[in-house]
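Report on the structure given below.
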Amino acid sequence: MERFFLAIASLFFLGFYSACNSEGKSIGDSGKELNRPNIILIMADDLGWGDVGFNGNKLVKTPALDEMAKKGMVFNRFYAAAPVCSPTRGSCLTGRHPFRYGVFHANVGKMEPEEVTLAEYLKEKGYSTGHFGKWHLGTLTNDIIDANRGGRDSGHYSPPWENGFDVCFSTESKVPTWNPMITPGKDAGDIGNRKPGNHFGTYYWSGPGAKVTDNLEGDDSRIIMDRVIPYIEEQTNGNSPFLVVIWFHTPHLPVLSGEKYCNLYAGHSVDVQHYYGSISAMDEQIGRLNEKLEELNATENTLIFFTSDNGPEGNTQEGRTQGSTGGFKGRKRSLYEGGIRVPAIAVWPAEIEARQRTDFPAVTSDYFPTLLEIFGEENQLPVSPLDGVSLVNVWDENIKERTTPIGFQFGKQKALIDNQYKIHTSKDKVELYDLLKDPFETRDISNQNPAKVNEMKIRLSDFVRSCEKSREGVDYD
């Protein structure tokens, strides 16, 4: 009898070890030993492609991001799934275009319960999950008036804690980038009819009915990171792999910064000081995060993605809308490159070789398929179809061409991008650009290439119809 129990115990131990060994590795469906990395998704808000040092901006001071760029892979052609906030955020968590589940615009739709988020997927893998910062995929309370939609219509309720996140420090939508609970002066931009000095009307929440009231003064990025650091320490000390989603509010309007950061840009206009000061303050907190990972010996097997949710705010660089597209056409709310091409880095020292740059066209919808491949489950889609592709072979084998195009929809605009060409439609106007020869979209070549236009129009129409079918609920059957 004793031998019988010893045999059972041995089988249990071997089975557990084969599923996840003590070095944080798992066995995929193919039998291949796989890393179980910590995962951190960092997103800035309205940060333009040209608003970072690693993309050539000589004015802005972003030493932490520039150092990350040296340690991993920079994506020259990385796209937000939409030219505004909420839809792009949905794509990060689902791997699917937001038009498939009704998130057409900021403050429209919500994360639907039938969708499977990265947090829900990773929790089943034994991960702890945390969301910190801006949510914007549904309201966070039905009890009080909060932010843009909270407390007005319970049909909009879809907080992060009901979408797979264990720990939250989240707002429904925007807050000022300095003293986030207090309405700043009108110069900061986008304060609406709020009165300067009064409460801004948006709260941080840590769970159902749990409004955060302490440590909410000063730089908003620091306030967020003050919650991230203890969470990561706790998970690392407990040997728990983690997903941390850090969605900064910076540099979304209202934009303002503290004296320390404004002084970094002395000699420039007050608007420039505040805009780039807020970015440098955010960068400082990203540096703080990286230092903590080093201290915890967690750097090597932590996969970090950094990007922005869309291009910079405003029609031009004026007032507090000082963001730079790096010369690309269009800005936020546009499906031209300046509205959707955003800065992006991937860092994972255990797997991604340092000092790489790629022209592979990638998109925020690629995060989920990438993690599916990392876990050896690329053929086990949680909801089908996914619109992204895995990026593993981009950093492993330096592949240059995407197997499927990237589709976009926003308002009356639609676009489709493959490895070389882009079709852009708005109402009855159709344009074609060769992004390899003309990345700034200065020459419409549709008249010279009718066959290519027709081919891409068909593929774009197929994409639009597919999204329409998804909204009918067929993907959940």
Side-chain angles (χ1 to χ4, degrees), residues 38-47 51-52 62 64-65 68 85-86 88-89 92-93 119 128-137 140 146-147 159-161 163 165-182 184 188 200 202-207 210-236 242-258 260-261 274-275 277-293 296 302 304-309:
N38 301 312
I39 300 152
I40 301 177
L41 305 182
I42 305 175
M43 182 178 286
D45 198 346
D46 291 0
L47 187 77
D51 281 335
V52 289
T62 53
L65 286 171
M68 282 179 63
C85 175
S86 303
T88 295
R89 294 167 195 274
C92 291
L93 296 183
S128 59
T129 58
H131 178 273
F132 304 88
K134 185 176 183 179
W135 175 240
H136 225 189
L137 286 169
L140 281 64
D146 175 48
W161 51 84
N163 287 282
F165 289 97
D166 302 317
V167 173
C168 301
F169 177 70
S170 311
T171 67
E172 177 193 317
S173 51
K174 71 186 178 190
V175 294
T177 56
W178 187 270
N179 288 336
M181 299 294 101
I182 306 300
F200 192 69
T202 298
Y203 298 94
Y204 272 106
W205 301 85
S206 59
K211 190 165 53 176
V212 180
T213 58
D214 65 305
N215 185 14
L216 297 171
E217 298 179 352
D219 178 57
D220 181 63
S221 297
R222 191 269 305 157
I223 289 167
I224 292 170
M225 196 58 67
D226 280 356
R227 274 68 179 194
V228 173
I229 295 294
Y231 176 76
I232 288 178
E233 287 178 325
E234 180 181 354
Q235 306 316 313
T236 303
F242 56 79
L243 165 70
V244 170
V245 174
I246 307 170
W247 285 348
F248 291 114
H249 298 95
T250 300
H252 191 293
L253 297 172
V255 174
L256 64 164
S257 193
K260 169 185 173 182
Y261 305 102
H274 280 287
Y275 184 81
S278 73
I279 293 172
S280 291
M282 177 182 69
D283 181 84
E284 181 177 86
Q285 297 308 312
I286 293 171
R288 180 181 167 202
L289 170 66
N290 290 332
E291 289 172 4
K292 177 56 65 173
L293 292 172
L296 296 170
T302 296
I304 304 176
F305 284 108
F306 170 82
T307 192
S308 176
D309 60 346

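Computed from a prediction, not measured in an experiment: that's the story for all the values here.
His249 has its side chain within reach of Thr171: a pair of non-hydrogen atoms, C-beta onward, lies under 4.5 Å apart. Proximity of Phe242 to Val167: side-chain heavy atoms (C-beta onward) are nowhere separated by under 4.5 Å. Residues Thr88 and Thr307 form no side-chain contact, since every pair of their non-hydrogen atoms from C-beta on lies 4.5 Å or further apart. Within the 4.5 Å cutoff, the side chain of Asn38 has no heavy atoms near those of the Leu293 side chain. Using a 4.5 Å heavy-atom threshold, the side chains of Leu47 and Phe248 count as separate. No side-chain heavy atom of Thr213 sits under 4.5 Å from any side-chain heavy atom of Tyr203. For the pair Arg227/Ser206, no side-chain contact is recorded, criterion being any heavy-atom separation below 4.5 Å from C-beta on.
Distance alone, capped at 3.5 Å, is enough to place a donor-acceptor pair between the Asp219 side chain and the Arg222 backbone. A distance-only check finds no donor-acceptor pair linking the side chain of Arg288 to the backbone of Glu284 [under 3.5 Å]. No side-chain donor-acceptor contact under 3.5 Å links Asp309 to the backbone of Met43. Checked by atom type and distance alone, the side chain of Thr177 pairs as donor or acceptor with a backbone atom of Leu256 at under 3.5 Å. A side-chain donor-acceptor contact under 3.5 Å links Ser86 to the backbone of His136. With Asp283 contributing its side chain and Leu65 its backbone, the two residues share a donor-acceptor pair below 3.5 Å.
With values rounded to the nearest 0.5 angstrom, Tyr204 atom OH is found 13.5 Å from Glu172 atom CD. Summarising the geometry, atom CE belonging to Met282 is positioned 9.5 Å from atom CG belonging to Asp45; distances are rounded to the nearest 0.5 Å. Note: Trp135 CH2 to Leu140 CG = 8.5 Å, rounded to the nearest 0.5 Å. Taking OG from Ser170 and CD1 from Ile224, the interatomic distance works out to 9.0 Å, rounded to the nearest 0.5 Å. Within the model, atoms OH of Tyr275 and OG of Ser280 stand 11.5 Å from one another, a figure rounded to the nearest 0.5 Å. A distance of 5.0 Å separates CG in Leu289 from CD1 in Ile246, rounded to the nearest 0.5 Å.
Between Ser221 and Ala281, the shortest heavy-atom contact is CB-O, 4.4 Å. A pairwise comparison of heavy atoms in Val244 and Val228 identifies CG1-CG1, 4.1 Å as the closest pair. Taking each heavy atom of Pro180 and Gly218 in turn, the nearest pair found is CD-O, 3.8 Å. Heavy-atom minimum distance, Phe165 versus Gly130: CD2-C, 3.5 Å. When all heavy atoms of Asn290 and Ile304 are compared, the closest pair comes out as OD1-CD1, 3.8 Å.
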Does the pair Phe200 and Lys174 meet the rule for a side chain to side chain contact (heavy atoms under 4.5 Å, CB included), with working shown? CA-CA 10 Å; Phe200 192 69; Lys174 71 186 178 190; 4.1 Å; yes
Side chain to side chain contact (heavy atoms under 4.5 Å, CB included) evaluation trace for Asn163 with Leu137: CA-CA 10 Å; Asn163 287 282; Leu137 286 169; over 6 Å; no
For side chain to side chain contact (heavy atoms under 4.5 Å, CB included), just list the numbers for His252 and Cys85, CA-CA rounded to whole Å, side-chain angles, deciding distance to a tenth of an Å, and then say yes or no. CA-CA 10 Å; His252 191 293; Cys85 175; 5.8 Å; no
Determine, step by step, whether Asp226 and Phe169 satisfy the side chain to side chain contact (heavy atoms under 4.5 Å, CB included) criterion, reporting the C-alpha distance in whole Å, the side-chain angles of both residues, the deciding distance to 0.1 Å, and the verdict. CA-CA 10 Å; Asp226 280 356; Phe169 177 70; over 6 Å; no
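The environment of CD in Glu233 is crowded: more than 12 heavy-atom neighbours from other residues, nucleotides or ligands sit within 6.0 Å.
With sequence neighbours excluded, the residues forming a ring-ring contact (aromatic ring centres under 6.0 Å, His included) with Trp247 are His131, listed by chain and number. Every residue two or more places apart in sequence or in another chain was checked for a salt bridge (charged side-chain N to carboxylate O under 4.0 Å, His left out) with Glu234, and none qualifies. With sequence neighbours left out, Tyr261 forms a ring-ring contact (aromatic ring centres under 6.0 Å, His included) with no residue at all.
In this model, no donor atom of one side chain and acceptor atom of the other lie less than 3.5 Å apart for Tyr231 and Asp166.
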